[in-house]
Amino acid sequence: MTRILITSAIPYINGVKHLGTLVGSQLPADLYARFMRQRGAEVLFLCATDEHGTPAELAATKAGLAIEDYCTQMHETQAELSRGFRLSFDHFGRSSSVQNKRLTQYFAGVLAENGFIEERSEKQVYSNTDGRFLPDRYIEGTCPNCGYERARGDQCENCTKQLDPTDLINPRSVISGSTDLEVRETKHLYLKQSALKDDLDAWIDSKTDWPILTTSIAKKWLHDGDGLQDRGITRDLYWGVPVQKGEEPWPGMEGKVFYVWFDAPIEYLACAAEWSDANGTEDEAWWRWWRTDEGADDVRYVQFMGKDNVPFHTLSFPATIMGSREPWKLVDYIKSFNFLNYEGGQFSTSLGRGVFMDDALEILPSDYWRWWLLSNAPETSDTEFTWEKFQAGVNKDLADVLGNFVSRITKFCRSKFGQEVPAGGEIGDGGTALIAELEGRISTYVGHMEAMEVRKAAAELRAIWVAGNEFLQAAAPWSTIKTDVDRAAADTRLALNLIRVYAVLSAPFIPDASAAMLAAMRTEETIWPGDLTTALSRLPPGHGFDVPDVLFRKVLDEEREEWAARFAGSDN
RNA sequence: GGGCCUGUAGCUCAAUUGGUUAGAGCAGAGCGCUCAUAACGCUUUGGUUGCGGGUUCAAGUCCUGCCGGGCCUACCA
C-alpha cells in the first residue's frame, strides 16, 4: 500500500491565524490527506503549534500569563479552530513537547559530533530595563541613512537600507521604549550549513518536479552572494528547548535555548512521536514513518507551506537531517503557496484587518471557506480575498450548481415517485453519454489531485457537478414522465445515484456537505467510484432517501456589506 | 541596490513546455425549461496576450530593452 507522510507548516502560537495562513498550508495539506486516504493510501498527517521564541514570550506577557499557560491556552484554541475547519490531522502536536525537547537536543548533539556545529562569540544588544537580549527587529531608532525615526534594527522600512542595530541613532527597545541599552558579548551555536552546501545543492537540483516557487527560493539562498551562510541556532531566551548536547550539558551554553527555527521542523518528527505515545505504541510505530532503516524507505513525504517558510524547509532542516548522518527521511515533495491578500492590502493582526479563523467559523460553515479558499488557492501568484468574489464564488458553485442539483432531483422524485429510488427502465443514451463524460473528468480530477494542482482540481470537480445539471436538463424527467414512466424513472434513479457519487468525490473539499449528502441518501458507502456504471447503481430501486435541508444557503448582499465593514479594521 | 515571481476578455484563471482559428468560469446579452435555493440548460458579445525590438517556417511561450504589480534579501516566525 502507498504510504504518505504529510506535514503542514506549523502555525505560530501567538494568536488566531488568518485565512491566508490557512490556505497556504493546513487546508491544502488536509485536502491532499483526505484524498489520498480515500484512494486507499496509508496516510500520517501531522501538524502542531510552533510555540517558542520572542513573540510568544511577549504575547504571554501582554496577556498577563505565564508563557507555559499562554501556550497551553492558545494551543487549545488553535486545536479547536482546526476541528472547526475539519482539518483531519492524525495528531496536532506542540513544539514544546518533551518529545521535541529530547529530539532537538539529540540532533544538536549528533550534529556537534559530526562537526557541523560551531561556537561563535558575538555582540548583541541587551536591554537592562527589559532584562533580556533584544532581537534586531525589537530595537527601533532613527535611520542614519534617511532620518526615518522608526527604523528597525535590521532594516529601515522607509529607505529599505539594511542596518545593524548599532547603526541606529537614539536606539530604544520596542518592548518597553527604554533607551537603557548596552552591547554585550554572548556566545552562540551555529549550524554549519555552508559545509553541506554541495549536498543541498545536488539534492535541490534533483527535484525537477518541484514548484518553481520552491526551487527558485532555495537556489537563491544557495547561490546568492557568498553562498549559503551558517545559521545561528541558539538564543538568549527563557522560553525554548534548553541547549544540551544530547543528554549532556553544553558547557558555556547554560541558560540558553535553541532558536525556534531549529526546533520547529524537528517537531515534525517529534509530532509523530507524540502521536505514537498518545496511541500507546512503541517508537517503532513512528520510526516506520521517519527512519528509512525502520520501514520508511517506501514512504512518500510531502510538505505544505507558504513561501515565507521555504528557505527553512529546503535548506536548514534538510541540513539538520543530512548533517546527522543518520537514516532520517528527507522530504520528497514541497508544495508551496504564495500569499492571500485581503481587499487590496495585507491581512493585519495588529489592525484587525481581514478574516481570521474564529471570525470565519462564526459567520459561515467551514465548507464555504474550504471551497472558496481552495478553489482560489494562491498557487501561481499572490491572490486576493474580496467579499464580492467570495459571495459570487460560493453562491454560484455551492448553492446554484451543487446544492440546487441535489435539491431539484430529490424534490422531483419525492413528488412524482415518492421518497425511494424508483424502479423501471434502463440507462438511456443520455445516461451513457453522462457516464462517458464523467469517466474522463474524474480521471482528470484524480490527476490534478495527485499532482496537488488545487485550483485545477476544484475547477474539474465543479465541471463534474455541472454535468449533472446538463444531464437532468437534457433528460427532463418532468416531461418524459408524462409519456414514458420507465424513461423518467431510470433517469431519476441515475441522478439520485449521482448525489452519492458527488458526495464521495467532493469529500476532500467539502466534508460536511458530503456527509449531509450521504446521510440524505441513507448510505455510508464511500468507496471511490472505480467503475462508474456500477457506482451509479449502488442505490438500488426501493432504496429510501430523505430530501435534505438546503445544503448551501446563499450569501446575501446585506451580509456581504456588513462583513466587509466589520472586518475592514482600523485605519491606523 | 540585488534576486525571484508575475502581467492573457470587464473580473478570476487556462493554454499539452515553440505548433491549427489563444480557451474556461464569473459578469453582460438573447433564447429555452418549469424539477429546483429567482435555481438549471443552450447560444452569444468580448483579446494587437503590458509596450518596443529580435530569433524562427512558426512566439502568449525563447532572447533583449522599457513599464507596472508582488515577494524575498538570512536576528519576526
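Hydrogens, waters and symmetry mates play no part in the numbers below; they use all other heavy atoms, side chains included. Convention: sequence-line order gives letters A, B, ...; per-chain numbering from 1.
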- Query: Between A/Arg235 (CZ) and B/rA77 (P), how many Å, whole number?
  - Reply: 7 Å
- Query: Would B/rU17 be called syn or anti, given that syn covers angles within 90° of 0?
  - Reply: syn
- Message: Distance check, P atoms only: B/rU17 and B/rC13, in whole angstrom units.
- Response: 24 Å
- Query: Any chance the rings of A/Tyr126 and A/Phe133 have centres within less than 6.0 Å?
  - Reply: yes
- From the options B/rA77, B/rU34, B/rC13, select the nucleotide whose nearest atom is closest to the side chain of A/Thr383. B/rC13
- Item | Between B/rG18 and B/rU61 - P atom distance, rounded Å | 11 Å
- Between B/rA77, B/rG3, B/rU12, which one does the side chain of A/Lys220 approach most closely? B/rG3
- Query: Given that A/Ser407 and A/Asn309 both sit by RNA chain B, which one's nearest nucleotide is further toward the 5' end?
  - Reply: A/Ser407
- Does the side chain of A/Arg152 get closer than 4.0 angstrom to OP1 or OP2 of B/rC75 through an N or O atom? no
- Message: Measure OH/A/Tyr445 against P/B/rA24 and give the value in whole Å, please.
- Response: 22 Å
- Task: Specify the separation, in whole Å, of atom CZ of A/Arg408 and atom C1' of B/rU34.
- Result: 9 Å
- Query: Nearest to the side chain of A/Val466 - B/rG41, B/rG25, B/rU12?
  - Reply: B/rG41
- Residue matched to B/rC40 through Watson-Crick or wobble contacts both under 3.5 angstrom: B/rG32
- Task: Please tell me which of the listed nucleotides, B/rA77, B/rC26, B/rC71, lies nearest to the side chain of A/Lys307?
- Result: B/rC71
- Taking A/Tyr190 as the fixed residue, which of A/Glu122, A/Glu119, A/Glu118 is the one that meets the side-chain hydrogen bond (donor to acceptor under 3.5 Å, both in side chains) rule? A/Glu122
- Message: So that I know where these two stand, are A/Tyr259 and A/His188 an aromatic pair - ring centroids less than 6.0 Å apart?
- Response: no
- Message: Please report the distance separating the P of B/rC63 from the corresponding atom of B/rG7, rounded so that it comes out in whole Å.
- Response: 14 Å
- Message: According to a cutoff of under 5.5 Å between the ring centres and under 30° between the ring planes, does A/Trp478 stack with the base of B/rC35?
- Response: yes
- Message: Counting only Watson-Crick pairs (N1-N3 plus N6-O4 or O6-N4) and G-U wobbles (N1-O2, O6-N3), all under 3.5 Å, who is the partner of B/rG23?
- Response: B/rC13
- Task: Under 4.0 Å between any heavy atoms, over every strand shown, what does A/Leu551 touch: base, sugar-phosphate, or nothing? Just pick one.
- Result: base
- Item | Pairwise C1' distance, B/rG60 and B/rA22 [rounded to whole Å] | 8 Å
- Task: Side chain of A/Lys396 only, please: which of B/rC75, B/rC40, B/rU34 is the nearest?
- Result: B/rC40
- Message: Is it the case that the side chains of A/Thr214 and A/Ser336 hold a donor-acceptor pair, with the cut-off being a distance below 3.5 Å and no angle test?
- Response: yes
- Task: Could you work out which one of B/rU37, B/rC42, B/rA14 sits closest to the side chain of A/Lys554?
- Result: B/rU37
- Looking for any heavy atom pair under 4.0 Å, which part of the strands does A/Gly15 touch: base, sugar-phosphate only, or nothing? nothing
- Donor-acceptor side-chain pairing of A/Arg560 and A/Gln391 below 3.5 angstrom: yes
- Query: Less than 3.5 Å between a donor and an acceptor, one on the side chain of A/Gln473 and one on the base of B/rC42, is that the case here?
  - Reply: no
- Message: Using OP1 and OP2 only, check whether a side-chain N or O of A/Thr234 sits under 4.0 Å from B/rC75.
- Response: no
- Message: By the 4.0 Å heavy-atom rule, please label A/Lys219 as base, sugar-phosphate, or nothing.
- Response: nothing
- Query: Can you tell which of B/rG2, B/rU37, B/rA74 lies closest to the side chain of A/Leu228?
  - Reply: B/rA74
- Can you find a side-chain donor-acceptor pair between A/His313 and A/Tyr268 that sits under 3.5 Å? yes
- Task: Identify whether any heavy atom of A/Gln229 sits under 4.0 Å from a base atom; if not, whether one sits that close to sugar-phosphate; answer base, sugar-phosphate or nothing.
- Result: base
- Message: Under a plain distance cut-off of 3.5 Å, with no hydrogens placed, do A/Tyr342 and A/Trp387 share a side-chain donor-acceptor pair?
- Response: yes
- Item | Under 3.5 Å on both distances, the Watson-Crick or G-U partner of B/rA58 | none
- A/Asn338 has an atom CG; how far is it from atom P of B/rG69, in whole Å? 18 Å
- Item | Gap in Å between the two P atoms, one belonging to B/rC66 and one to B/rA29, rounded | 45 Å
- Query: For A/Phe552, which contact category applies under a 4.0 Å heavy-atom criterion: base, sugar-phosphate, or nothing?
  - Reply: base
- Query: Are any of A/Lys389's side-chain N or O atoms less than 4.0 Å away from OP1 or OP2 of B/rG10?
  - Reply: no
- Compare side-chain N and O positions of A/Arg414 against OP1 and OP2 of B/rA36 and report whether any pair is under 4.0 Å apart. no
- Query: Is any side-chain nitrogen or oxygen of A/Lys456 closer than 4.0 Å to OP1 or OP2 of B/rU16?
  - Reply: no
- Does B/rC51 have a Watson-Crick or wobble partner in any strand here, with both distances under 3.5 angstrom, and which is it? B/rG65
- Message: Among B/rG41, B/rA74, B/rC71, which nucleotide has an atom closest to any side-chain atom of A/Asn469?
- Response: B/rG41
- Pairwise P distance for B/rU45 and B/rC4, with rounding to whole Å: 42 Å
- Is there a Watson-Crick or G-U wobble partner for B/rA74 with both distances under 3.5 Å, and which nucleotide is it? none
- Message: I'd like to know if A/Glu122 reaches the base of B/rC75 with its side chain, counting only an N/O donor and acceptor under 3.5 Å.
- Response: yes
- Atom CG of A/Asp397 and atom P of B/rA39: how far apart are they, to the nearest Å? 14 Å
- Nucleotide nearest A/Lys411 when distance is taken to its side chain, options B/rA27, B/rU37, B/rA77: B/rU37
- Is it true that A/Phe390 and A/Trp369 have ring centroids separated by less than 6.0 Å? yes
- Taking CZ from A/Phe347 and P from B/rG70, how many angstroms apart are they, rounded to a whole number? 17 Å
- Item | Selection residues 461-475 of chain A - residue pairs positive for side chain to side chain donor-acceptor pair (under 3.5 Å), sequence neighbours left out | A/Asp397-A/Arg462, A/Arg408-A/Asn469, A/Arg408-A/Gln473, A/Trp465-A/Ser506
- Item | Donor-acceptor pair (no angle test) under 3.5 Å: A/Asn404 side chain, B/rA36 base | yes
- Have a look at A/Val550 and say if it touches a base, only the backbone sugar-phosphate, or nothing, with a 4.0 Å heavy-atom cut-off. base
- Item | Residue mapping more 5' on RNA chain B - nearest nucleotide basis, A/Lys482 or A/Glu384 | A/Glu384
- Message: Can you identify which nucleotide, out of B/rC13, B/rC75, B/rU37, has its nearest atom closest to the A/Ala399 side chain?
- Response: B/rU37
- d(CH2, A/Trp372; P, B/rC13) in whole Å: 9 Å
- Message: I want to know whether A/Trp371 and A/Phe552 have ring centres closer than 6.0 Å.
- Response: no
- Message: How many whole angstroms separate atom CG of A/Asp400 from atom P of B/rC33?
- Response: 21 Å
